[in-house]
2 protein chains.
Amino acid sequence: MAVTIRDVALTAGVSPSTVSRALSAPDRVNAATRERVLAAAQRVGYRPNRAARGLITGRTGNVGLIVPDLANPYFASVVKGAQARARESDYAVFVADTDEEAGVEPDLMLALSKQVDGLLLCSPRTSTEELAAVDTGTPIVVMNRRVSPCVVADNGDGMRQALAHLAALGHRAVGYVGGPRTSSSNAERLAGLETAAPDLGVELRPMGNFPPLFEGGVAAADIVIASGVTAAIVHNDIVAFGLMSRFVARGVAVPGDVSVVGCDDIAMSAMAHTPLTTVAMPKNELGRAAMVLLIEILNGSVQPHSVVRELPVRLIVRESTAPARTEERR
Amino acid sequence: MAVTIRDVALTAGVSPSTVSRALSAPDRVNAATRERVLAAAQRVGYRPNRAARGLITGRTGNVGLIVPDLANPYFASVVKGAQARARESDYAVFVADTDEEAGVEPDLMLALSKQVDGLLLCSPRTSTEELAAVDTGTPIVVMNRRVSPCVVADNGDGMRQALAHLAALGHRAVGYVGGPRTSSSNAERLAGLETAAPDLGVELRPMGNFPPLFEGGVAAADIVIASGVTAAIVHNDIVAFGLMSRFVARGVAVPGDVSVVGCDDIAMSAMAHTPLTTVAMPKNELGRAAMVLLIEILNGSVQPHSVVRELPVRLIVRESTAPARTEERR
DNA sequence: GGTCGGCATGAAAGCGGTTGCCTATGCATG
DNA sequence: CATGCATAGGCAACCGCTTTCATGCCGACC
């Protein structure tokens, strides 16, 4: 049924060993023989069985990618970037979705570990300690958490950009609508804001932690309004939309009364009724860079010990931010 | 390094064959022995090498899933559904993204074919003939195109629901903003509308074909306005948002002046400034159902010849549709 | 001219499992 | 007590490929 290396060998009139060499170590066979083998392989439609190769070489040519939620546009973009880069190096990608459940992450890692050369973990929900305790036997590159080998976005700088933008528009009191307490991105963003605020002469008012959902923003809106800030930076775009939705219901104009800055720059942000000013995370690049790092570790050109790569982020100004109200109302 | 079946055999004091049987054919070994083997496997942390197993059984335990664009929320949901269902049956999923390029579909199919038991193809961009010419040697289930074994949504019924809704609101002239000419969903939707319109006493006005992007909707908007229809059904939600965005710029109120119905029900539709009435496609279910069908074909319980499964769709009424204007303006 | 080195190729082992075949054991039967 | 028959479990082959080792051949050198 399947055409094997033996079929090619027979067709080319050489031994299987020679076929194998012609394909994977071209300089170890005579040029003329190689030609003959390649022609034969082409003719009979030979495609190597990677599983069989992997059995002996110990390398599968596959990598695994675990994300919390494929339906979240942020992760979808990361997967897309990682996937595209993997194919450039002839790796195939197993994708697994944990459905935001921390518990299944170690299970999935273990389940995949035997069939991949390395693992990519995006925004793990499992604690760093528990993660370290999982013995997969394969290299792991983490995204969005500063551990061992990882790729992260420069959240601190992103927050500085956002705050500088608002400060330049005259905002003196700025709220921060936080994400989950356990999110390390959230911690980095808050820290970045706290560092930048004094330099910019802005008073930062953290508004607490909210679930990273539309509903989280809806819940935060009234708190933001009551606080009297003229601008809010929000943990992510989806939450920002929830916030703005409730603002509309309350008769609060964006950006007339309150300016709003999101994080991520998901596709929806550009298409919304009030296009959202946001700190664009390099989603595709994050996936690509993590894949690059993993591949470098796999071929030994990088030591996994303590490599942290940071990607730049940039503010995209759209229509949800405007100069601060001068006369204080309310 | 890796713990093999031999290590388990040694630990349990049996031969490798017995270990193999204890794990994959439990009733072929003595209950007590089985217990001992299982305990040993547990103790040494044995995890079978699926590649090795696949080599002899001819089954890899993997399936491939090819989509045009992971960053498109529609496909992301399909992948999520398929992936979740696959894991329930202990299949791992290779995901590949063609970046909307028809040419790479056959390449990817061929590249994956050797490492999977079957392939899932979502909304292929390649023609049915070219697809049939690709000899992967594995079963293929297609989504969103009525061919050989496939799973599709009941587009015709969805359009009937949408049109009935608009007719009930008093709309007598309804536009259809079409998707790509080559899209089979588009053809089915148009056909469904053409069938339903006479029965509902509605005049259907096809507005032409537009790219399935925000910009496509922007481009369609002026045509819709000029046509004088009081409602438009749009090929997908993204296009509908483009349409409504341009409506705002033109001072056309939704749903005051024109009602808009989308297709797909992507997450954004519920969160938009004007929440969109839309025909919800069963995205997750589509992925799940296709995976189920593939698995059934793989285990032989279904013959792949001419099985077409159709999933129901349903209209979700939000705020972008309202009764037709009674007095004719413009 | 004989020996040596290097190159191209073939033979065979083995990667980690599964499975057909066969043997040893235990039990029931005549 | 001898025989027959299940049943459990061991042996060994094999899946498709890589890789070590051995071999044959050639040219080059002393």
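So that the names make sense, note that chain A is the first sequence line, chain B the second, and so on, each numbered from 1.
Side-chain proximity of A/I56 to the nucleotides C/dC15, D/dG10, C/dG16 is greatest for C/dC15. Checked against D/dT19, D/dC14, D/dC17, the side chain of A/P48 finds its nearest nucleotide in D/dC17. Here the nucleotide nearest the side chain of B/S15, chosen from C/dT9, D/dG10, D/dG9, is D/dG10.
We find that CG of A/L10 is positioned 14 Å from P of D/dG16, with the value rounded to whole Å. One atom, CZ of B/R59, and another, P of D/dC15, lie 19 Å apart when rounded to the nearest Å. In this structure, A/N49 places its CG atom 16 Å from P of C/dG16, rounding to the nearest Å. Atom pair A/L55:CG and D/dC14:P shows a separation of 17 Å (rounding to whole Å applied). Straight-line distance from the CG atom of A/L23 to the P atom of D/dG16: 16 Å, rounded to whole Å. For the pair B/R47 CZ and C/dG16 C1', the computed distance is 16 Å after rounding to whole Å. Taking atom CG of residue B/D27 and atom P of nucleotide D/dT7, one finds them 11 Å apart after rounding to whole Å. Here the P atom of nucleotide D/dG16 and the CD1 atom of A/I5 are 11 Å apart, to the nearest Å.
None of A/I295, A/L294, A/L293 except one satisfies the side-chain contact (heavy atoms from CB on, under 4.5 Å) rule with A/V302; the exception is A/L293.
In this structure, B/S20 reaches the bases: a heavy-atom distance under 4.0 Å links it to at least one base atom across the strands shown. Contacts of A/V19 with the nucleic acid, taken as non-hydrogen atoms under 4.0 Å apart, are absent.
A salt bridge links A/E88 with A/R85: the closest approach of a Lys/Arg side-chain nitrogen to an acidic carboxylate oxygen falls below 4.0 angstrom.
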What do the steps show when you test B/D117 against B/T60 for side chain to side chain donor-acceptor pair (under 3.5 Å), and what is the final call?
CA-CA 6 Å; B/D117 296 338; B/T60 61; 3.0 Å; yes
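The OG1 atom of A/T98 sits 7.0 Å away from atom CZ of A/R125, with the distance rounded to the nearest 0.5 Å.
Contact check for B/L119 versus B/V141: no side-chain heavy atoms found under the 4.5 Å cut-off.
Between A/T57 and D/dT19, a side-chain N or O to OP1/OP2 separation shorter than 4.0 Å is absent. OP1 or OP2 of C/dG16 has not a single side-chain nitrogen or oxygen of B/T4 nearer than 4.0 Å.
By the neighbour-count criterion of 12 heavy atoms within 6.0 Å, atom CZ of A/R309 is densely surrounded, having more than that number from other residues, nucleotides or ligands. Heavy-atom neighbours of B/R87 CZ from other residues, nucleotides or ligands within 6.0 Å: above the threshold of 12.
For the pair B/R34 and B/K114, both in contact range of DNA chain D, the more 5′-proximal nearest nucleotide belongs to B/R34.
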5' to 3', nucleotides 20-27 of chain C under a 4.0 Å protein heavy-atom cut-off (B base, S sugar-phosphate only, - none) gives B-------
